[in-house]
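Structure record follows, encoded as structure tokens.
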Amino acid sequence: MHGEYKVPGGKLVVVDLDVEEGLLRRVRVAGDFFLEPDEAIEAIDRALEGAPADTDAPGLAARVDAALPPGTRMFGLTSEGIGVAVRRALAHATDWTDYDWQLIHEPPQAPALHMALDEVLTAEVAAGRRPPTLRVWEWGAPAVVIGSFQSLRNEVDPEAAGRHGIEVVRRISGGGAMFIEPGNTITYSLSVPDALVQGLSFADSYAYLDDWVLGALGDMGVKAWYQPLNDIATDAGKIAGAAQKRMVGGAGAVLHHVTMAYDIDADKMTEVLRIGREKLSDKGTTSAKKRVDPLRRQTGLPREAVIERMIASFRERYGLAEGGVTAEERALAEELARSKFATPEWTARVP
């Protein structure tokens with residue numbers, strides 16, 4: 001069995017192993033990480049040898065930690081990353097480069113249609129009718145997108161939203177509200193087979209699916225990192241929030257979408273969103289305006305250039321063919337937008 005895991009902000013960990021009578025055998029850990037002293041790699045292999053195959057990633061990490069020689073130093077490697085790589089080997093997880101990725105980057109769409117496209121395209125990936133897809137959104141109107149389980153009245157001031165011409169829609173994933181203005185926002189979705197995140201915990205899958213964009217931001221001079229559970233942050237503040245939805249049917253698929261603040265009208269945002277003190281307190285700030293630091297200031301690049309560089313970075317890493325929404329997918333999405341995402345019953349399903 002073979003498993004690979006890119007440690008967030010670190011290096012690639014590769015594990016090869018067999019399982020005999022429920023125990024790990026012939027375990028070999030490798031990768032492009034740095035490790036001192038040399039004999040530590042043998043200690044890691046010995047620590048994993050004979051471990052029960054149902055040991056979870058933290059349990060495997062604990063075995064590694066207990067076996068490391070005194071003074072061991074890891075660079076680009078963590079014991080937790082080794083545990084995850086083992087679990088991915090046992091789960092027969094796939095890697096990014098195992099797929100032929102498709103890009104969808106089309107003209108602006110209505111907010112409700114974007115919600116529907118996420119659901120339809122990810123279901124098509126689950127069914128095996130569509131390849132794994134990176135979809136970059138263009139917004140046709142300003143919007144507030146609330147999470148699947150958020151209370152509408154607790155998150156949005158309807159009078160302020162109406163005054164500013166802002167549509168409120170509810171997505172299928174959890175997480176918090178996003179304030180959207182077409183020229184000030186960068187949003188993308190990944191619709192991926194479930195096999196890509198096999199062996200990862202829910203939290204680990206966020207870091208794993210965000211890693212490529214951290215690299216893209218780094219190439220633009222932005223030092224960013226994944227901040228559990230679902231933020232992308234910099235020294236200057238949060239720049240993006242992610243959300244996920246697991247889709248059943250077929251082989252299964254995961255929707256992972258991210259909204260990034262290219263620029264932001266902070267005054268308008270705080271008028272429209274009801275951002276409570278409790279939410280701000282766990283971010284270590286008393287002002288919503290201080291929580292988000294836009295990419296425009298950090299990169300000095302036009303929004304279109306930021307998007308182009310993100311796409312180029314993904315293509316260089318994993319390959320990416322130009323594609324589009326099919327006629328059948330568009331018809332399904334338009335009907336779903338009409339019958340579900342544009343209805344008050346869905347938007348106010350948690351009043």
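In what follows, residues are counted from 1 in the order of the sequence shown.
No more than 12 heavy-atom neighbours from other residues, nucleotides or ligands sit within 6.0 angstrom of CZ on R153. Remark: D18 CG is packed, more than 12 non-hydrogen atoms of other residues, nucleotides or ligands lying under 6.0 Å away. For R163, the CZ atom sits in a packed shell: over 12 heavy atoms of surrounding residues, nucleotides or ligands are nearer than 6.0 Å.
Salt bridge R274/E155: absent, no basic N to carboxylate O contact under 4.0 Å. Salt bridge present: D211 and R317 bring a charged side-chain N and a carboxylate O closer than 4.0 Å. We find that R26 and E49 are not joined by a salt bridge, their nearest charged nitrogen and carboxylate oxygen being 4.0 Å or further apart. Look at E322 and R315 and you find a salt bridge, because one of the NZ, NE, NH1 or NH2 atoms lies within 4.0 Å of a carboxylate O, short of that distance.
The closest donor-acceptor contact from the side chain of Y226 to the backbone of L229 lies under 3.5 Å. Formation of a donor-acceptor pair under 3.5 Å by the W101 side chain with backbone atoms of W96 is found in this model. In this structure, T55 contributes its side chain and A51 its backbone to no donor-acceptor pair below 3.5 Å. Side-chain atoms of D95 come within 3.5 Å of backbone atoms of T97 as a donor-acceptor pair (strictly under, hydrogens ignored). R135 places no side-chain N or O within donor-acceptor distance of the main-chain N or O of H105, the cut-off being under 3.5 Å.
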For this session: Check step by step if salt bridge (Lys or Arg N to Asp or Glu O under 4.0 Å) holds for R330 and E106.
Result: CA-CA 12 Å; R330 187 169 301 280; E106 296 190 335; 2.5 Å; yes
Exercise. side-chain contact (heavy atoms from CB on, under 4.5 Å) between L152 and R349: does it pass, once the steps are laid out?
Worked result: CA-CA 8 Å; L152 177 61; R349 76 184 187 98; over 6 Å; no
For this session: List the steps and the verdict of salt bridge (Lys or Arg N to Asp or Glu O under 4.0 Å) for R303 and E138.
Result: CA-CA 11 Å; R303 175 180 176 275; E138 295 294 346; 3.0 Å; yes
Exercise. Going through the checks in order, is the salt bridge (Lys or Arg N to Asp or Glu O under 4.0 Å) test met by K268 and E181?
Worked result: CA-CA 10 Å; K268 188 186 298 183; E181 293 185 294; 2.9 Å; yes
For this session: Show your reasoning for whether ring-ring contact (aromatic ring centres under 6.0 Å, His included) applies to W137 and Y188.
Result: CA-CA 6 Å; W137 303 23; Y188 67 86; 9.5 Å; no
Problem set entry | side-chain contact (heavy atoms from CB on, under 4.5 Å) between L196 and L209, worked out | CA-CA 9 Å; L196 183 63; L209 294 176; 4.0 Å; yes
For this session: Please test R246 against Q244 for side-chain contact (heavy atoms from CB on, under 4.5 Å), starting from the C-alpha separation and ending with a verdict.
Result: CA-CA 7 Å; R246 306 296 170 108; Q244 283 187 11; 3.1 Å; yes
Problem set entry | Trace of the side-chain contact (heavy atoms from CB on, under 4.5 Å) decision for R73 with L35 | CA-CA 6 Å; R73 293 188 294 173; L35 180 64; over 6 Å; no
For this session: Given salt bridge (Lys or Arg N to Asp or Glu O under 4.0 Å), test D118 with K245 step by step and report yes or no.
Result: CA-CA 10 Å; D118 261 359; K245 175 69 176 180; over 6 Å; no
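Using a 4.5 Å heavy-atom cutoff, the side chains of E80 and V84 are not in contact. For the pair L121 and V125, the minimum side-chain heavy-atom distance is 4.5 Å or more. By the 4.5 Å heavy-atom criterion applied to side chains, V213 and V258 are not counted as neighbours. I239 places a side-chain heavy atom less than 4.5 Å from the side chain of Q298. Side chains of R309 and D219 form no contact here, defined as non-hydrogen atoms less than 4.5 Å apart. Between H257 and S173 there is a side-chain heavy-atom pair separated by less than 4.5 Å. Contact check for P132 versus P193: side-chain heavy atoms found under the 4.5 Å cut-off. Counting only heavy atoms from C-beta outward, the side chains of L12 and V14 approach each other to under 4.5 Å.
Taking all atoms of both residues into account, the shortest heavy-atom contact from W346 to K340 is CB-O, 3.1 Å. Across R63 and G50, no two heavy atoms sit closer than the pair NH2-C, 4.2 Å. The minimum heavy-atom distance linking F341 with M115 is given by the pair CD2-CB, 3.4 Å. Across every non-hydrogen atom of V169 and A112, the tightest pair is CG1-N, 4.0 Å. Nearest heavy atoms, L117 versus A333: CD2-CB, 3.6 Å. For the residue pair S205 and L200, the shortest heavy atom distance occurs at CA-CD1, 4.0 Å.
Y318 and W212 have their aromatic ring centers separated by at least 6.0 angstrom.
No continuous path of ILVMFWY side-chain contacts below 4.5 Å connects L17 to L23, so the two sit in separate hydrophobic clusters. Under a hydrophobic clustering in which Ile, Leu, Val, Met, Phe, Trp and Tyr are joined whenever their side-chain heavy atoms come within less than 4.5 Å, directly or via other members, W225 and V222 fall into different clusters. Following chains of ILVMFWY side-chain contacts shorter than 4.5 Å, one cannot reach M247 starting from L190, and the two form parts of different hydrophobic clusters. Cluster annotation: V136 and M178 are assigned to distinct hydrophobic clusters (Ile/Leu/Val/Met/Phe/Trp/Tyr, side-chain heavy-atom contacts under 4.5 Å, transitive). Under a hydrophobic clustering in which Ile, Leu, Val, Met, Phe, Trp and Tyr are joined whenever their side-chain heavy atoms come within less than 4.5 Å, directly or via other members, L103 and V254 fall into the same cluster.
Classified by interplanar angle (parallel below 30°, tilted 30° to 60°, perpendicular above 60°), the ring pair Y206/H256 is perpendicular.
Here OG1 of T133 is found 11.0 Å from CG of D100. Values are rounded to the nearest 0.5 Å. Rounding to the nearest 0.5 Å places CD1 of I307 at 10.0 Å from CE of M260. N230 CG to F202 CZ: the interatomic distance, rounded to the nearest 0.5 Å, is 8.5 Å. Remark: E329 CD to L336 CG distance equals 13.0 Å, nearest 0.5 Å. One finds the CG atom of D263 at 4.0 Å from the CZ atom of R296 (value rounded to the nearest 0.5 Å). Separating the OG1 atom in T72 from the CD atom in E36 is a distance of 9.5 Å, to the nearest 0.5 Å.
Judged by distance alone, the side chains of Y262 and T185 never bring a donor and an acceptor atom under 3.5 Å apart. A donor and an acceptor atom, one from each side chain of D194 and Q198, are located under 3.5 Å apart.
Checked options V144, V156, I275; the residue passing with F179 is V144 (criterion: side chain to side chain contact (heavy atoms under 4.5 Å, CB included)).
Taking Ile, Leu, Val, Met, Phe, Trp and Tyr as members and joining any whose side-chain heavy atoms lie under 4.5 Å apart, directly or through other members, the hydrophobic cluster of F34 also contains F75.
Both tests pass for R88 against the ring of Y208: distance under 6.0 Å to the centre and angle within 45° of the axis.
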Tell me which donor-acceptor pairs under 3.5 Å the side chains of residues 39-48 have, and how far apart each pair is, sequence neighbours excluded?
{"residue": "D45", "atom": "OD1", "partner": "V29", "partner atom": "N", "Å": "3.0"}

